[in-house]
Number of protein chains: 2
Amino acid sequence: MAKLQKSIDKRDALVRATIDLVNNNGFHATPISKIAKLANVSPATIYLYFDNKQDLVNKVYVEVKAVFTDYAFKTYSPTMTVEEGFELIWKRIADFKLNQTRESLFLAQCDNAPIIDEASRQAGISHLKPLLDLWHRGKEEGVINEISDYLLYAYSINPLSFLMVMQQRGVLKIEASDIEQAYQAAWNSIKKCTNNG
Amino acid sequence: MAKLQKSIDKRDALVRATIDLVNNNGFHATPISKIAKLANVSPATIYLYFDNKQDLVNKVYVEVKAVFTDYAFKTYSPTMTVEEGFELIWKRIADFKLNQTRESLFLAQCDNAPIIDEASRQAGISHLKPLLDLWHRGKEEGVINEISDYLLYAYSINPLSFLMVMQQRGVLKIEASDIEQAYQAAWNSIKKCTNNG
DNA sequence: ACGAAAAAAGTGAACGTTCATTCTTTTTTT
DNA sequence: AAAAAAAGAATGAACGTTCACTTTTTTCGT
(Lines give C-alpha, C1' and ligand atoms only; values in the text may rest on other atoms or scores of the structure.)
Protein backbone atom coordinates (compact mmCIF):
# COMPACT_ATOMS: atom_id res chain seq x y z
CA MET A 1 0.00 0.00 0.00
CA ALA A 2 2.60 2.55 1.06
CA LYS A 3 5.05 3.10 -1.77
CA LEU A 4 7.20 4.80 0.81
CA GLN A 5 9.68 7.18 -0.55
CA LYS A 6 7.98 9.14 2.18
CA SER A 7 9.72 10.20 5.31
CA ILE A 8 9.88 7.44 7.93
CA ASP A 9 10.42 10.20 10.47
CA LYS A 10 7.10 11.76 9.63
CA ARG A 11 5.30 8.46 9.92
CA ASP A 12 6.94 7.77 13.27
CA ALA A 13 5.97 11.21 14.51
CA LEU A 14 2.37 10.51 13.52
CA VAL A 15 2.37 7.18 15.35
CA ARG A 16 3.86 8.74 18.46
CA ALA A 17 1.42 11.63 18.41
CA THR A 18 -1.48 9.23 18.03
CA ILE A 19 -0.41 7.15 21.03
CA ASP A 20 0.13 10.17 23.26
CA LEU A 21 -3.12 11.87 22.38
CA VAL A 22 -5.22 8.71 22.58
CA ASN A 23 -3.69 7.95 25.98
CA ASN A 24 -4.59 11.37 27.29
CA ASN A 25 -7.93 11.97 25.61
CA GLY A 26 -9.19 8.69 24.16
CA PHE A 27 -9.45 7.87 20.48
CA HIS A 28 -12.63 9.70 19.62
CA ALA A 29 -11.56 12.78 21.52
CA THR A 30 -8.35 13.09 19.52
CA PRO A 31 -9.05 14.92 16.29
CA ILE A 32 -6.90 14.46 13.23
CA SER A 33 -6.03 18.14 13.49
CA LYS A 34 -4.38 17.66 16.89
CA ILE A 35 -2.45 14.59 15.74
CA ALA A 36 -1.21 16.63 12.80
CA LYS A 37 -0.25 19.57 14.98
CA LEU A 38 1.67 17.40 17.49
CA ALA A 39 3.50 15.67 14.63
CA ASN A 40 4.30 19.01 12.96
CA VAL A 41 2.47 18.04 9.84
CA SER A 42 -0.51 19.16 7.84
CA PRO A 43 -3.79 17.28 8.44
CA ALA A 44 -3.79 16.38 4.78
CA THR A 45 -0.39 14.74 5.07
CA ILE A 46 -1.83 12.06 7.34
CA TYR A 47 -3.84 10.81 4.37
CA LEU A 48 -0.66 10.19 2.43
CA TYR A 49 0.40 7.66 5.06
CA PHE A 50 -2.96 6.22 6.14
CA ASP A 51 -6.31 5.65 4.43
CA ASN A 52 -8.29 7.36 7.14
CA LYS A 53 -8.46 7.84 10.91
CA GLN A 54 -9.65 4.27 11.52
CA ASP A 55 -6.85 2.85 9.42
CA LEU A 56 -4.39 4.98 11.39
CA VAL A 57 -5.43 3.60 14.77
CA ASN A 58 -5.67 0.03 13.45
CA LYS A 59 -2.12 0.15 12.17
CA VAL A 60 -0.77 1.82 15.29
CA TYR A 61 -2.42 -0.88 17.40
CA VAL A 62 -1.01 -3.80 15.43
CA GLU A 63 2.44 -2.23 15.32
CA VAL A 64 2.51 -1.50 19.04
CA LYS A 65 1.29 -5.01 19.75
CA ALA A 66 4.11 -6.34 17.60
CA VAL A 67 6.64 -4.28 19.55
CA PHE A 68 5.16 -5.66 22.75
CA THR A 69 5.36 -9.31 21.70
CA ASP A 70 8.79 -8.89 20.13
CA TYR A 71 9.98 -7.62 23.48
CA ALA A 72 8.19 -10.37 25.40
CA PHE A 73 9.68 -13.20 23.34
CA LYS A 74 13.07 -11.63 22.54
CA THR A 75 15.24 -13.87 24.70
CA TYR A 76 12.90 -16.85 24.72
CA SER A 77 13.76 -20.05 22.93
CA PRO A 78 11.46 -23.08 22.52
CA THR A 79 14.32 -25.28 23.75
CA MET A 80 13.91 -23.87 27.26
CA THR A 81 12.10 -25.82 29.93
CA VAL A 82 8.51 -24.76 30.58
CA GLU A 83 9.50 -23.25 33.91
CA GLU A 84 12.33 -21.21 32.45
CA GLY A 85 10.27 -20.09 29.49
CA PHE A 86 7.29 -19.06 31.54
CA GLU A 87 9.34 -17.10 34.04
CA LEU A 88 11.29 -15.38 31.32
CA ILE A 89 8.26 -14.36 29.26
CA TRP A 90 6.23 -13.35 32.28
CA LYS A 91 8.94 -11.11 33.61
CA ARG A 92 9.58 -9.49 30.27
CA ILE A 93 5.87 -8.79 29.91
CA ALA A 94 5.92 -7.27 33.36
CA ASP A 95 8.97 -5.24 32.48
CA PHE A 96 7.35 -3.95 29.32
CA LYS A 97 4.06 -3.10 30.99
CA LEU A 98 5.73 -1.18 33.75
CA ASN A 99 8.45 0.59 31.81
CA GLN A 100 6.87 1.17 28.41
CA THR A 101 3.77 2.74 29.92
CA ARG A 102 3.03 4.78 26.82
CA GLU A 103 2.63 1.69 24.69
CA SER A 104 1.00 -0.40 27.40
CA LEU A 105 -1.66 2.16 28.23
CA PHE A 106 -2.48 2.47 24.57
CA LEU A 107 -2.87 -1.30 24.22
CA ALA A 108 -5.03 -1.48 27.34
CA GLN A 109 -7.37 1.13 25.91
CA CYS A 110 -7.68 -0.61 22.56
CA ASP A 111 -8.20 -3.97 24.27
CA ASN A 112 -11.02 -2.70 26.47
CA ALA A 113 -12.98 -0.40 24.20
CA PRO A 114 -14.47 -0.72 20.71
CA ILE A 115 -11.76 1.36 19.05
CA ILE A 116 -10.00 -0.96 16.64
CA ASP A 117 -11.71 -3.28 14.17
CA GLU A 118 -11.99 -7.04 14.56
CA ALA A 119 -9.31 -7.95 12.03
CA SER A 120 -6.72 -5.85 13.87
CA ARG A 121 -7.76 -7.43 17.15
CA GLN A 122 -7.19 -10.88 15.73
CA ALA A 123 -3.86 -9.82 14.27
CA GLY A 124 -2.79 -8.69 17.73
CA ILE A 125 -3.85 -11.94 19.41
CA SER A 126 -2.07 -14.08 16.83
CA HIS A 127 1.25 -12.59 17.92
CA LEU A 128 0.95 -14.35 21.27
CA LYS A 129 1.24 -17.82 19.73
CA PRO A 130 4.64 -18.70 21.28
CA LEU A 131 3.16 -18.26 24.75
CA LEU A 132 0.21 -20.49 23.91
CA ASP A 133 2.57 -23.14 22.53
CA LEU A 134 4.59 -23.04 25.74
CA TRP A 135 1.39 -23.38 27.75
CA HIS A 136 0.39 -26.47 25.76
CA ARG A 137 3.79 -28.02 26.22
CA GLY A 138 3.56 -27.39 29.95
CA LYS A 139 0.25 -29.23 30.07
CA GLU A 140 1.60 -32.14 28.02
CA GLU A 141 4.58 -32.45 30.32
CA GLY A 142 2.33 -32.29 33.38
CA VAL A 143 4.03 -29.16 34.70
CA ILE A 144 0.95 -26.97 34.30
CA ASN A 145 -2.54 -27.70 35.64
CA GLU A 146 -5.24 -28.96 33.32
CA ILE A 147 -7.12 -25.72 32.94
CA SER A 148 -8.65 -23.76 30.11
CA ASP A 149 -6.28 -22.10 27.66
CA TYR A 150 -8.03 -18.81 28.19
CA LEU A 151 -6.98 -18.79 31.83
CA LEU A 152 -3.42 -18.46 30.59
CA TYR A 153 -3.97 -14.83 29.80
CA ALA A 154 -5.99 -14.20 32.91
CA TYR A 155 -3.41 -15.75 35.27
CA SER A 156 -0.17 -14.75 33.71
CA ILE A 157 -0.71 -11.45 32.01
CA ASN A 158 -3.63 -9.68 33.55
CA PRO A 159 -2.54 -9.34 37.17
CA LEU A 160 -0.20 -6.57 36.14
CA SER A 161 -2.77 -4.47 34.36
CA PHE A 162 -4.14 -2.85 37.43
CA LEU A 163 -0.67 -2.12 38.77
CA MET A 164 0.30 -0.57 35.49
CA VAL A 165 -2.69 1.73 35.39
CA MET A 166 -2.09 2.77 38.98
CA GLN A 167 1.57 3.45 38.31
CA GLN A 168 0.75 5.45 35.24
CA ARG A 169 -1.61 7.58 37.32
CA GLY A 170 1.12 8.20 39.87
CA VAL A 171 -0.73 6.36 42.64
CA LEU A 172 2.11 3.99 43.33
CA LYS A 173 5.74 3.27 42.54
CA ILE A 174 6.48 -0.33 41.72
CA GLU A 175 9.61 -1.98 43.11
CA ALA A 176 11.54 -4.97 41.81
CA SER A 177 10.36 -7.01 44.80
CA ASP A 178 6.74 -6.36 43.78
CA ILE A 179 7.44 -7.85 40.38
CA GLU A 180 9.07 -10.90 41.92
CA GLN A 181 6.11 -11.40 44.25
CA ALA A 182 3.62 -11.03 41.43
CA TYR A 183 5.50 -13.53 39.32
CA GLN A 184 5.73 -16.08 42.15
CA ALA A 185 2.02 -15.74 42.75
CA ALA A 186 1.19 -16.24 39.11
CA TRP A 187 3.44 -19.24 38.79
CA ASN A 188 2.19 -20.83 42.00
CA SER A 189 -1.33 -20.55 40.63
CA ILE A 190 -0.46 -22.22 37.39
CA LYS A 191 1.95 -25.00 38.22
CA LYS A 192 0.89 -28.48 39.21
CA CYS A 193 1.18 -28.59 42.98
CA THR A 194 1.59 -32.13 44.30
CA ASN A 195 0.43 -31.20 47.77
CA ASN A 196 -2.84 -29.79 46.40
CA GLY A 197 -5.76 -32.20 45.91
CA MET B 1 -29.78 19.42 41.74
CA ALA B 2 -32.62 17.29 40.34
CA LYS B 3 -35.89 18.45 41.88
CA LEU B 4 -37.33 15.23 40.56
CA GLN B 5 -40.95 15.32 39.94
CA LYS B 6 -39.55 13.87 36.76
CA SER B 7 -40.11 10.33 35.61
CA ILE B 8 -37.77 7.78 37.18
CA ASP B 9 -38.58 5.53 34.24
CA LYS B 10 -37.20 8.06 31.81
CA ARG B 11 -34.03 8.47 33.82
CA ASP B 12 -33.55 4.71 33.98
CA ALA B 13 -34.10 4.42 30.25
CA LEU B 14 -31.42 7.06 29.69
CA VAL B 15 -28.96 5.23 31.92
CA ARG B 16 -29.65 1.92 30.19
CA ALA B 17 -29.33 3.48 26.75
CA THR B 18 -26.03 5.09 27.72
CA ILE B 19 -24.56 1.80 28.94
CA ASP B 20 -25.64 -0.12 25.85
CA LEU B 21 -24.42 2.44 23.37
CA VAL B 22 -21.11 3.08 25.14
CA ASN B 23 -20.51 -0.69 25.28
CA ASN B 24 -21.08 -1.03 21.57
CA ASN B 25 -19.53 2.15 20.24
CA GLY B 26 -17.48 3.76 22.99
CA PHE B 27 -18.34 6.95 24.83
CA HIS B 28 -17.24 9.51 22.28
CA ALA B 29 -18.86 7.60 19.43
CA THR B 30 -22.26 7.67 21.12
CA PRO B 31 -24.00 10.94 20.38
CA ILE B 32 -26.63 12.39 22.66
CA SER B 33 -29.08 12.05 19.80
CA LYS B 34 -28.70 8.26 19.75
CA ILE B 35 -29.02 7.96 23.51
CA ALA B 36 -32.20 10.01 23.28
CA LYS B 37 -33.58 7.90 20.46
CA LEU B 38 -32.86 4.60 22.23
CA ALA B 39 -34.49 5.94 25.40
CA ASN B 40 -37.50 7.24 23.45
CA VAL B 41 -36.85 10.76 24.56
CA SER B 42 -35.98 14.09 23.02
CA PRO B 43 -32.31 15.13 23.13
CA ALA B 44 -33.37 18.22 25.05
CA THR B 45 -34.99 16.10 27.76
CA ILE B 46 -31.60 14.65 28.72
CA TYR B 47 -30.66 18.13 29.93
CA LEU B 48 -33.53 18.08 32.41
CA TYR B 49 -31.93 15.08 34.11
CA PHE B 50 -28.20 15.75 33.60
CA ASP B 51 -26.09 18.87 33.31
CA ASN B 52 -24.36 17.75 30.13
CA LYS B 53 -22.96 14.66 28.44
CA GLN B 54 -19.95 14.45 30.78
CA ASP B 55 -22.19 14.68 33.82
CA LEU B 56 -24.34 11.91 32.38
CA VAL B 57 -21.49 9.46 31.98
CA ASN B 58 -19.98 10.38 35.36
CA LYS B 59 -23.24 9.65 37.13
CA VAL B 60 -23.86 6.45 35.21
CA TYR B 61 -20.36 5.26 36.14
CA VAL B 62 -20.69 5.97 39.85
CA GLU B 63 -24.15 4.43 39.96
CA VAL B 64 -23.09 1.27 38.13
CA LYS B 65 -20.04 0.99 40.39
CA ALA B 66 -22.34 1.27 43.39
CA VAL B 67 -24.55 -1.52 42.02
CA PHE B 68 -21.41 -3.60 41.51
CA THR B 69 -20.09 -3.14 45.06
CA ASP B 70 -23.53 -3.53 46.64
CA TYR B 71 -23.73 -6.88 44.92
CA ALA B 72 -20.17 -7.85 45.88
CA PHE B 73 -20.66 -7.10 49.57
CA LYS B 74 -24.35 -8.02 49.89
CA THR B 75 -23.94 -11.18 51.95
CA TYR B 76 -20.62 -10.25 53.53
CA SER B 77 -20.31 -9.45 57.18
CA PRO B 78 -17.16 -8.18 58.98
CA THR B 79 -17.68 -10.89 61.58
CA MET B 80 -16.70 -13.56 59.06
CA THR B 81 -13.23 -15.06 59.08
CA VAL B 82 -10.82 -13.66 56.51
CA GLU B 83 -11.02 -16.87 54.50
CA GLU B 84 -14.80 -16.92 54.43
CA GLY B 85 -15.05 -13.23 53.63
CA PHE B 86 -12.49 -13.35 50.86
CA GLU B 87 -14.04 -16.37 49.18
CA LEU B 88 -17.51 -14.90 49.41
CA ILE B 89 -16.58 -11.50 48.01
CA TRP B 90 -14.36 -12.94 45.31
CA LYS B 91 -17.03 -15.29 44.06
CA ARG B 92 -19.70 -12.63 44.09
CA ILE B 93 -17.41 -10.33 42.09
CA ALA B 94 -16.84 -13.18 39.66
CA ASP B 95 -20.55 -13.83 39.48
CA PHE B 96 -21.28 -10.20 38.79
CA LYS B 97 -18.57 -9.84 36.16
CA LEU B 98 -19.70 -12.89 34.28
CA ASN B 99 -23.46 -12.50 34.53
CA GLN B 100 -23.95 -8.75 34.53
CA THR B 101 -21.83 -8.29 31.44
CA ARG B 102 -23.59 -5.08 30.43
CA GLU B 103 -22.54 -3.34 33.59
CA SER B 104 -19.12 -4.99 33.81
CA LEU B 105 -18.12 -4.11 30.29
CA PHE B 106 -19.14 -0.52 30.90
CA LEU B 107 -17.03 -0.35 34.05
CA ALA B 108 -14.05 -1.92 32.28
CA GLN B 109 -14.21 0.72 29.59
CA CYS B 110 -14.43 3.60 32.04
CA ASP B 111 -11.60 2.14 34.14
CA ASN B 112 -9.24 1.81 31.18
CA ALA B 113 -9.89 4.97 29.16
CA PRO B 114 -10.02 8.68 30.02
CA ILE B 115 -13.81 8.87 29.88
CA ILE B 116 -14.91 9.83 33.37
CA ASP B 117 -13.41 12.63 35.45
CA GLU B 118 -11.08 12.09 38.40
CA ALA B 119 -13.65 12.79 41.12
CA SER B 120 -15.95 10.08 39.78
CA ARG B 121 -13.02 7.68 39.60
CA GLN B 122 -12.23 8.31 43.26
CA ALA B 123 -15.89 7.91 44.19
CA GLY B 124 -15.87 4.52 42.51
CA ILE B 125 -12.72 3.36 44.29
CA SER B 126 -14.01 4.44 47.69
CA HIS B 127 -16.82 1.92 47.42
CA LEU B 128 -14.31 -0.93 47.67
CA LYS B 129 -13.33 -0.07 51.24
CA PRO B 130 -14.82 -3.22 52.86
CA LEU B 131 -12.52 -5.36 50.73
CA LEU B 132 -9.49 -3.31 51.71
CA ASP B 133 -10.46 -3.60 55.39
CA LEU B 134 -10.72 -7.36 55.04
CA TRP B 135 -7.32 -7.46 53.37
CA HIS B 136 -5.77 -5.50 56.24
CA ARG B 137 -7.36 -7.80 58.78
CA GLY B 138 -5.97 -10.80 56.92
CA LYS B 139 -2.47 -9.35 57.09
CA GLU B 140 -2.83 -8.55 60.82
CA GLU B 141 -3.98 -12.10 61.52
CA GLY B 142 -1.13 -13.49 59.44
CA VAL B 143 -3.49 -15.23 57.03
CA ILE B 144 -2.47 -13.12 54.06
CA ASN B 145 1.06 -12.50 52.83
CA GLU B 146 2.81 -9.22 53.59
CA ILE B 147 2.42 -7.67 50.18
CA SER B 148 1.41 -4.30 48.86
CA ASP B 149 -2.25 -3.30 49.21
CA TYR B 150 -2.38 -2.57 45.52
CA LEU B 151 -1.73 -6.21 44.71
CA LEU B 152 -5.10 -6.96 46.28
CA TYR B 153 -6.84 -5.70 43.21
CA ALA B 154 -4.38 -7.26 40.83
CA TYR B 155 -4.57 -10.69 42.44
CA SER B 156 -8.15 -11.00 43.43
CA ILE B 157 -10.19 -8.98 40.98
CA ASN B 158 -8.29 -8.61 37.78
CA PRO B 159 -7.83 -12.24 36.69
CA LEU B 160 -11.44 -12.31 35.64
CA SER B 161 -11.28 -9.29 33.40
CA PHE B 162 -9.87 -11.07 30.42
CA LEU B 163 -12.32 -13.95 30.80
CA MET B 164 -15.18 -11.50 30.96
CA VAL B 165 -14.15 -9.71 27.81
CA MET B 166 -13.69 -13.00 25.96
CA GLN B 167 -17.06 -14.26 27.11
CA GLN B 168 -18.74 -11.04 26.10
CA ARG B 169 -17.26 -11.42 22.63
CA GLY B 170 -18.59 -14.97 22.40
CA VAL B 171 -15.10 -16.49 22.24
CA LEU B 172 -15.70 -18.79 25.18
CA LYS B 173 -18.38 -20.03 27.54
CA ILE B 174 -17.39 -19.99 31.18
CA GLU B 175 -18.37 -22.94 33.39
CA ALA B 176 -18.80 -23.06 37.14
CA SER B 177 -15.64 -25.16 37.43
CA ASP B 178 -13.66 -22.38 35.74
CA ILE B 179 -14.79 -19.95 38.41
CA GLU B 180 -13.84 -22.37 41.16
CA GLN B 181 -10.40 -22.88 39.62
CA ALA B 182 -9.85 -19.16 39.21
CA TYR B 183 -10.83 -18.56 42.81
CA GLN B 184 -8.53 -21.29 44.13
CA ALA B 185 -5.67 -19.87 42.12
CA ALA B 186 -6.26 -16.37 43.44
CA TRP B 187 -6.55 -17.53 47.01
CA ASN B 188 -3.49 -19.76 46.78
CA SER B 189 -1.53 -16.75 45.59
CA ILE B 190 -2.66 -14.60 48.43
CA LYS B 191 -2.66 -16.81 51.48
CA LYS B 192 0.37 -17.42 53.63
CA CYS B 193 1.71 -20.74 52.46
CA THR B 194 3.72 -22.49 55.19
CA ASN B 195 5.59 -24.66 52.71
CA ASN B 196 6.81 -21.57 50.80
CA GLY B 197 10.02 -19.90 51.95
C1' DA C 1 27.31 17.28 -14.63
C1' DC C 2 23.47 20.14 -15.58
C1' DG C 3 18.90 21.82 -15.60
C1' DA C 4 14.31 21.40 -17.35
C1' DA C 5 10.33 18.51 -16.93
C1' DA C 6 7.79 15.15 -14.49
C1' DA C 7 6.46 12.96 -10.31
C1' DA C 8 5.95 12.72 -5.55
C1' DA C 9 5.27 14.82 -1.08
C1' DG C 10 3.27 18.21 1.49
C1' DT C 11 0.10 22.00 2.49
C1' DG C 12 -3.81 25.32 4.20
C1' DA C 13 -8.27 26.36 3.28
C1' DA C 14 -12.79 24.75 2.48
C1' DC C 15 -16.62 21.34 2.29
C1' DG C 16 -20.38 18.78 4.01
C1' DT C 17 -21.67 16.50 8.08
C1' DT C 18 -22.39 15.69 12.80
C1' DC C 19 -22.20 16.94 17.29
C1' DA C 20 -23.68 19.01 22.05
C1' DT C 21 -26.40 22.34 23.55
C1' DT C 22 -30.05 25.99 23.51
C1' DC C 23 -34.37 28.13 22.15
C1' DT C 24 -39.14 28.20 21.29
C1' DT C 25 -43.23 25.85 21.30
C1' DT C 26 -46.38 22.18 22.73
C1' DT C 27 -48.09 18.89 26.03
C1' DT C 28 -48.99 17.30 30.54
C1' DT C 29 -49.72 17.88 35.36
C1' DT C 30 -51.39 20.31 39.32
C1' DA D 1 -54.88 28.84 34.37
C1' DA D 2 -50.29 28.36 35.88
C1' DA D 3 -46.21 25.70 36.08
C1' DA D 4 -43.45 21.94 35.08
C1' DA D 5 -41.93 18.57 31.65
C1' DA D 6 -41.05 17.31 27.14
C1' DA D 7 -40.50 18.00 22.38
C1' DG D 8 -38.48 19.38 17.95
C1' DA D 9 -36.23 22.68 15.39
C1' DA D 10 -32.33 25.68 15.36
C1' DT D 11 -27.41 26.96 16.15
C1' DG D 12 -22.59 27.42 16.30
C1' DA D 13 -18.60 24.81 16.83
C1' DA D 14 -15.78 20.98 15.59
C1' DC D 15 -14.93 17.09 13.03
C1' DG D 16 -12.92 13.97 9.05
C1' DT D 17 -11.88 14.39 4.63
C1' DT D 18 -11.00 16.49 0.08
C1' DC D 19 -9.32 19.90 -3.09
C1' DA D 20 -6.47 22.95 -5.52
C1' DC D 21 -2.18 24.32 -5.09
C1' DT D 22 3.04 24.76 -3.83
C1' DT D 23 7.40 22.76 -2.72
C1' DT D 24 10.70 19.17 -2.95
C1' DT D 25 12.73 15.26 -5.08
C1' DT D 26 13.68 12.33 -8.95
C1' DT D 27 14.32 11.42 -13.77
C1' DC D 28 16.66 11.90 -17.95
C1' DG D 29 18.29 13.93 -22.41
C1' DT D 30 22.11 16.56 -23.35
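Sequence lines set the chain letters: A, B, ... in the order given, protein chains first and strands last, and positions in each chain run from 1.
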With B:Val64, the side-chain contact (heavy atoms from CB on, under 4.5 Å) member among B:Ile19, B:Thr69, B:Thr18: B:Ile19

A:Arg92 charged N/C atom sitting above A:Tyr71 aromatic ring, 6.0 Å / 45°: yes

Lys NZ or Arg CZ of A:Lys65 over A:Phe106 ring: under 6.0 Å, within 45°: no

Nucleic acid footprint by protein, nucleotides 11-22 of chain C - heavy-atom cut-off 4.0 Å, B for base, S for sugar-phosphate alone: BB------SSBB

NZ or CZ of B:Lys59 within 45° of B:Tyr49 ring axis and under 6.0 Å: no

Atom-to-atom span, CG of A:Asp9 to P of C:dA9 - whole angstrom: 15 Å

Distance below 4.0 Å between A:Tyr49 side-chain N/O and C:dA9 OP1 or OP2: no

Worked check of side-chain hydrogen bond (donor to acceptor under 3.5 Å, both in side chains) between B:Tyr61 and B:Asp111: CA-CA 10 Å; B:Tyr61 172 78; B:Asp111 285 333; 2.8 Å; yes

